[in-house]
Amino acid sequence: MLDRSIGEFSRFVIISLGCTILGFTSGNWSLALIAGLAAYLISLLWQQQRFNRWLANGRRGPAPTAFGIWGEIYDDFYRMQRRHRREKQKLHAMLRRVQDSTGALREGIVALENGDHLAWWNPAAGELLGLQASDSGQSLVNFVRDPGFVSYMHSEDTDSQEPLTLPAPGNETLRLQLEVTRYGKDEALVIVRDITRLHNLEQMRRDFVANVSHELRTPLTVIAGYLETLQGSDMAPPAWQRPLAQMGEQASRMTTLVNDLLLLARLETSERTGDDMPVDVQELMERVAREARSFSGGRHQIEVHSETHNCICGDASELYSAFANLVLNAVKYSPEEGEIKLRWWQDSLGGHFSVEDRGIGIDPMHIPRLTERFYRVDPGRSRDSGGTGLGLAIVKHVLLRHDGEMSVESTPAQGSTFTLHFPQQKVAGKVEKTPEVVAGT
Ligand code: ADP
């Protein structure tokens with residue numbers, strides 16, 4: 001840059017000197033100098049004018065040729081322009097590749113700007129969500145009106161939430177899974193998957209288990225009834241009494257298993273009606289404590305501590321199943337004389353019910369899997385104590401239907417604490433009359 005300025009300055013000096021010398025020989029050096037400088041200025045303005053015209057014409061073709069400093073500016077500009085053109089072509093090619101590959105994806109991809117406004121989507125997303133080119137700029141919740149999706153979109157932290165499953169807009173037979181990832185400033189990417197096949201398979205599995213359990217219930221009741229009649233009666237010879245007792249035990253285990261399977265199927269398939277009733281927590285705790293004492297046969301000390309008197313808004317029989325499963329587990333997995341504490345308290349986060357025992361405890365590696373169906377830490381012990389392996393799966397589903405969560409703290413050989421957390425909006429103050437709690441696990 002300095003070289004160019006020196007070059008141009010030298011040119012200026014040479015022109016001035018040349019004009020002055022010429023002026024001396026012709027007798028009027030000042031006029032010659034003014035004429036020379038004026039010519040120099042005009043040539044600079046002319047170059048600038050050509051440059052402006054070239055810019056105004058959209059820089060088509062190579063930059064005009066020129067001499068001096070303007071020639072160098074033209075060359076630099078032309079080189080820069082060529083470099084930009086090459087980079088633009090590269091960017092275009094890359095964009096085309098991204099569009100081609102996202103266009104070939106079976107998953108739908110929607111880019112949102114300004115919170116939830118449609119900025120771009122691939123053909124799969126257009127098909128699954130029924131979007132037209134003219135919908136660009138509109139809010140996505142105008143097309144996906146499912147209330148679950150609307151509150152999901154409006155929640156602060158979508159990234160930590162599970163993907164949402166809902167029927168496709170305008171086509172109830174299609175099941176979509178939507179996952180929102182926020183990035184940048186008010187921008188988000190929505191991935192839409194068609195999970196109809198998986199959803200139907202899952203539905204078939206649930207229906208199958210529910211139907212089989214239902215079909216088994218009647219024959220089992222008949223078998224258990226006859227076994228009970230035969231036991232202790234003189235219709236069966238004394239040598240048969242032991243096998244009959246064992247058969248009765250197994251029939252009752254199978255009945256418990258079938259009942260748990262049916263309850264789980266109902267929890268999974270039936271929709272929450274939304275007509276929650278206030279369930280008195282203290283009554284519920286006293287009731288499960290009474291049943292646990294009778295199940296324990298006086299071998300455990302079961303205490304109930306309630307810090308506040310509240311109700312949980314929900315389904316009485318479902319809440320009973322969740323509370324009872326935890327308390328019966330504490331009895332099953334605690335040694336004789338073991339202390340079991342049932343606690344209820346309320347804080348700024350909501351209401352909490354915990355069951356603490358001094359039993360066998362659980363190795364931390366098993367804790368994340370406890371709510372899986374038929375997952376048992378010690379299958380032999382679970383079966384001996386009459387466990388079906390479905391109790392905590394039932395607790396999990398009941399909590400899902402009451403917006404609750406479960407936490408587990410446990411140390412092997414020292415004991416466990418299972419805590420159910422209910423959000424503030426599900427906890428109410430005590431009401432005078434509550435519905436009867438329906439028994440059944
Ligand atoms: P189960 O009918 O076998 O008790 P659950 O689903 O209720 O099935 O519990 C799953 C497993 O979790 C149990 O088999 C047991 O190993 C473990 N578990 C549950 N509660 C406790 C507890 N209070 N103490 C120790 N282990 C427990």
Side-chain angles (χ1 to χ4, degrees), residues 209 213 220 249-268 285 288-289 291-297 299-305 317-344 352-402 404-421 439-441:
V209 173
S213 310
L220 263 174
E249 230 171 74
Q250 294 306 318
S252 109
R253 269 198 60 201
M254 278 175 77
T255 309
T256 316
L257 181 64
V258 163
N259 286 341
D260 276 2
L261 281 171
L262 277 171
L263 174 61
L264 204 50
R266 190 174 62 76
L267 290 174
E268 278 185 326
M285 283 167 75
V288 289
E291 271 161 35
R293 282 185 198 113
S294 113
F295 179 68
S296 146
R299 287 174 295 123
H300 301 84
Q301 290 178 32
I302 300 168
E303 294 170 23
V304 178
H305 298 277
S317 67
E318 289 181 14
L319 288 169
Y320 167 82
S321 298
F323 279 39
N325 269 307
L326 292 191
V327 183
L328 294 184
N329 274 354
V331 175
K332 282 192 292 187
Y333 301 108
S334 293
E336 290 198 5
E337 299 302 315
E339 233 179 64
I340 296 167
K341 273 191 205 148
L342 277 61
R343 268 187 72 213
W344 169 262
H352 314 271
F353 168 70
S354 75
V355 180
E356 186 185 336
D357 66 51
R358 304 241 174 280
I360 58 170
I362 306 161
D363 196 302
M365 66 184 247
H366 297 291
I367 291 178
R369 300 193 58 190
L370 289 181
T371 55
E372 285 175 22
R373 265 159 255 219
F374 299 113
Y375 188 84
R376 292 145 160 148
V377 176
D378 178 350
R381 185 174 181 138
S382 161
R383 277 191 202 101
D384 291 348
S385 59
T388 59
L390 295 173
L392 293 180
I394 290 172
V395 175
K396 179 180 121 177
H397 281 279
V398 171
L399 286 176
L400 275 177
R401 291 160 69 88
H402 289 81
E405 278 174 19
M406 179 172 74
S407 63
V408 183
E409 283 166 44
S410 189
T411 313
Q414 287 191 21
S416 316
T417 305
F418 286 73
T419 312
L420 308 186
H421 308 274
T441 53

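Indexing begins at 1, ligand by ligand and atom by atom, following the structure's order. Residue indices begin at 1 and follow the sequence shown.
At least one N or O atom of Gly391, backbone or side chain, sits closer than 3.5 Å to an N or O atom of ligand 1. Note: an N/O pair closer than 3.5 Å links Val377 and ligand 1 by distance alone.
Within the 4.0 Å heavy-atom shell around ligand 1 one finds Lys332. Judged by the shortest distance from any of its heavy atoms, Ser416 lies inside the 4.0 Å radius around the atoms of ligand 1.
For atom 26 (N) of ligand 1, the choice among Ile362, Asn325, Leu257, Ile360 with the nearest heavy atom turns out to be Ile362. Across Val408, Leu392, Leu326, heavy-atom proximity to atom 6 (O) of ligand 1 is greatest for Leu392. For the residues Leu370, Val395, Thr388, the heavy atom positioned nearest atom 12 (O) of ligand 1 is part of Leu370.
Thr411 is linked by a side chain to side chain contact (heavy atoms under 4.5 Å, CB included) to Gln414, counting only residues two or more places apart in sequence or in another chain.
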Could you pull out all donor-acceptor pairs under 3.5 Å where a side-chain atom in residues 386-396 meets a protein atom, sequence neighbours excluded?
unit_1	atom_1	unit_2	atom_2	d
Thr388	OG1	Asp260	OD2	2.8
Thr388	OG1	Leu390	N	3.2

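Close approach of ligand 1 to Gly389 is summarised as follows: ligand atoms under 4.0 Å from at least one heavy atom of the residue are 1 (P), 2 (O), 3 (O), 6 (O), 8 (O).
Looking at heavy atoms from C-beta onward, His300 lies out of side-chain contact with Asp357 at the 4.5 angstrom threshold.
Other residues, nucleotides and ligands contribute at most 12 non-hydrogen atoms within 6.0 Å of the CD atom of Glu405. Atom CD of Glu339 has more than 12 heavy atoms from other residues, nucleotides or ligands within 6.0 Å. Residue-environment remark: CE (Met254) stays at or below the threshold of 12 foreign heavy atoms within 6.0 Å.
No side-chain donor from either of Thr419 and Ser354 sits under 3.5 Å from a side-chain acceptor of the other.
Nearest to atom 11 (C) of ligand 1 among the protein's heavy atoms is Tyr375 O, 3.6 Å. Looking only at protein heavy atoms, the nearest one to atom 4 (O) of ligand 1 is Tyr333 OH, 2.8 Å. Looking only at protein heavy atoms, the nearest one to atom 19 (C) of ligand 1 is Asn329 ND2, 3.5 Å.
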